[in-house]
Amino acid sequence: MGTEKDSKFYDAAYHRAKYLTHYTLTRWYERFQLTANRIGLDERVLEIGCGTGQLANLLFDEQKRTYKGYDFSERAIEVCNGLDLDPMSFEVGNAYNHELYKDYDVFLCCETLEHLQDKEVLKLVEKGKKIVLSLPDFAADNHLFHIQSKEDLISRYAKEIKFSYIEKVDAWYVAEGVKI
């Protein structure tokens, strides 16, 4: 398994074209659509690890605009703020900061939890709140873990999330559940 990387690692990564491409042209488009379909129009969304805002851009285009995105990469937030997705907002923030987790209905963790101490992050979400996440089925140098099966996903989060939806798309699992 890999190791947790600092913000400088991601600042450098977010200069790559794949993170600057419109969401419809990425290899992640189908996964982004499945994720967006899990969110209602009136739900207040907090995305932890929003990256360069590709998923946020899709949510905006689908009229899901009560949104706040955090990433600890200054470069990612710089790209997000250049997208002109008003009234959405993006800020530099640390996923381990409990102050970020207030007043939201849905917590998005897409391509995020595998990079962090995932259980520490999930502790910060209030019981009864919806969580939508996506996780890879492959190892990488910046992944602390990966999911090997649907059963592995359920087992890993059995004490944190009651799942109502899990689907595999290419090399990722997209899942929705409620914090328990």
Side-chain angles (χ1 to χ4, degrees), residues 1-16 19 23 28 31-32 35-36 38-39 43-60 64 66-81 83 85 88-147 153 156-163 172-180:
M1 288 293 136
T3 58
E4 191 168 344
K5 305 295 185 193
D6 65 14
S7 62
K8 289 180 174 85
F9 174 88
Y10 294 97
D11 286 344
Y14 289 136
H15 284 280
R16 294 187 205 132
Y19 297 113
Y23 67 85
W28 308 300
R31 192 163 14 96
F32 287 161
T35 302
R38 312 310 312 160
I39 301 167
E43 291 181 308
R44 297 165 298 159
V45 176
L46 173 67
E47 186 175 12
I48 299 297
C50 64
T52 57
Q54 291 164 314
L55 177 55
N57 198 346
L58 171 61
L59 296 175
F60 182 84
K64 299 170 185 176
T66 307
Y67 171 98
K68 179 81 168 196
Y70 284 100
D71 202 290
F72 77 151
S73 166
E74 291 182 17
R75 169 65 181 156
I77 298 305
E78 175 185 298
V79 172
C80 289
N81 286 329
L83 293 174
L85 299 179
M88 291 182 159
S89 64
F90 304 93
E91 291 183 23
V92 174
N94 187 311
Y96 301 116
N97 178 355
H98 73 281
E99 293 297 318
L100 305 181
Y101 291 79
K102 297 180 179 168
D103 301 322
Y104 295 97
D105 304 311
V106 179
F107 294 86
L108 285 180
C109 294
C110 297
E111 316 322 303
T112 302
L113 292 176
E114 70 272 18
H115 301 283
L116 304 167
Q117 300 298 322
D118 56 334
K119 306 290 178 89
E120 295 303 312
V121 171
L122 292 174
K123 282 181 187 176
L124 303 173
V125 177
E126 281 181 61
K127 289 180 180 171
K129 298 294 183 171
K130 184 192 300 187
I131 297 173
V132 179
L133 55 86
S134 62
L135 293 164
D137 73 353
F138 58 91
D141 70 338
N142 61 336
H143 292 177
L144 302 182
F145 66 92
H146 63 279
I147 299 300
L153 175 65
R156 183 173 187 87
Y157 297 114
K159 294 180 181 177
E160 289 86 14
I161 302 170
K162 179 177 169 69
F163 288 105
W172 290 271
Y173 289 90
V174 175
E176 173 188 345
V178 173
K179 174 69 186 307
I180 52 177

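As the structure is a computational prediction, the values presented were derived from the model and not from experiment.
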*Residues that Y14 engages under side chain to side chain donor-acceptor pair (under 3.5 Å), provided they are two or more places apart*: none
*L135 CG to H146 NE2 distance, which is reported to the nearest 0.5 Å*: 11.0 Å
_Assess the residue pair L116 and Y96 against the criterion (side chain to side chain contact (heavy atoms under 4.5 Å, CB included)); give the C-alpha distance rounded to whole Å, side-chain angles, the decisive distance to 0.1 Å, and a yes or no._
CA-CA 9 Å; L116 304 167; Y96 301 116; 3.5 Å; yes
_I180 backbone acceptor or donor facing K162 side chain under 3.5 Å_ = no
_Tell me every residue that passes side chain to side chain contact (heavy atoms under 4.5 Å, CB included) with V79, counting only those two or more places apart in sequence or in another chain._
L20, T52, R75
*How long is the gap from CG on L153 to CG on D137, to the nearest 0.5 Å?*
11.5 Å
*side chain to side chain contact (heavy atoms under 4.5 Å, CB included) partners of A36, counting only residues at least two apart*: L58, L59, E62, K64
*Can you tell me how far the CD atom of E78 sits from the CG atom of D71, to the nearest 0.5 Å?*
12.5 Å
*Using the test salt bridge (Lys or Arg N to Asp or Glu O under 4.0 Å), find all partners of E111 that sit at least two apart in sequence or belong to another chain.*
R31
*Apply side chain to side chain donor-acceptor pair (under 3.5 Å) to K5 and list each qualifying residue two or more places apart in sequence or on a separate chain.*
T3
*Which residues satisfy the side chain to side chain contact (heavy atoms under 4.5 Å, CB included) test with V178, sequence neighbours excluded?*
none
*asked:* Ignoring hydrogens, what is the shortest heavy-atom contact between L55 and F32? Give both atom names and the distance.
replied: CD1-O, 3.8 Å
*asked:* Surrounding CD of E74 (heavy atoms of other residues, nucleotides or ligands, distance under 6.0 Å), is the total greater than 12?
replied: no
_All salt bridge (Lys or Arg N to Asp or Glu O under 4.0 Å) counterparts of K130, not counting sequence neighbours_ = E43, E176
*For D105, which residues count as a salt bridge (Lys or Arg N to Asp or Glu O under 4.0 Å) partner, sequence neighbours excluded?*
R44
_Just verifying a value: how many Å separate L133 CG and D118 CG, rounded to the nearest 0.5 Å?_
9.5 Å
_W28 and Y19 aromatic ring geometry - parallel, tilted or perpendicular at 30°/60° bounds_ = parallel
*Testing I39, T66, I131 for side chain to side chain contact (heavy atoms under 4.5 Å, CB included) with V106, which one passes?*
I39
*Identify the two heavy atoms, one from V125 and one from F107, that lie closest to each other, and give their separation to 0.1 Å.*
CG1-CD1, 3.6 Å
*So how far is it from K8 NZ to S73 OG, rounded to the nearest 0.5 Å?*
11.5 Å
*Closest heavy-atom pair and its distance - F145, L113*: CE2-O, 3.3 Å
_K119, NZ: over 12 other non-hydrogen atoms inside 6.0 angstrom_ = yes
*Under the side chain to side chain donor-acceptor pair (under 3.5 Å) test, residues paired with T35 that sit two or more places apart*: none
*Closest approach of G51 and A76, non-hydrogen atoms and distance?*
O-CB, 3.2 Å
*asked:* If I take atom CZ from residue F72 and atom CD1 from residue I77, how far apart are they, to the nearest 0.5 angstrom?
replied: 11.0 Å
*Nearest heavy-atom pair of K179 and L122: which atoms, and what distance?*
NZ-O, 2.9 Å
_Counterpart residues, side chain to side chain donor-acceptor pair (under 3.5 Å), relative to N81 (two or more places apart)_ = none
_Could you check whether any side-chain N or O of N142 sits under 3.5 Å from a backbone N or O of G2, counting only pairs where one atom can act as donor and the other as acceptor?_
no
*F60 and Y67 aromatic centres sub-6.0 Å*: no
*Can you check side chain to side chain contact (heavy atoms under 4.5 Å, CB included) on H115 and H143, steps first, answer last?*
CA-CA 5 Å; H115 301 283; H143 292 177; 3.4 Å; yes
_Test side chain to side chain contact (heavy atoms under 4.5 Å, CB included) applied to C80 - qualifying residues, sequence neighbours left out_ = C50, F90
_If the condition is salt bridge (Lys or Arg N to Asp or Glu O under 4.0 Å), which residues does K123 pass it with, not counting sequence neighbours?_
E120
*Nearest atoms (heavy-atom pairs only) where S89 meets K68*: OG-CD, 3.0 Å
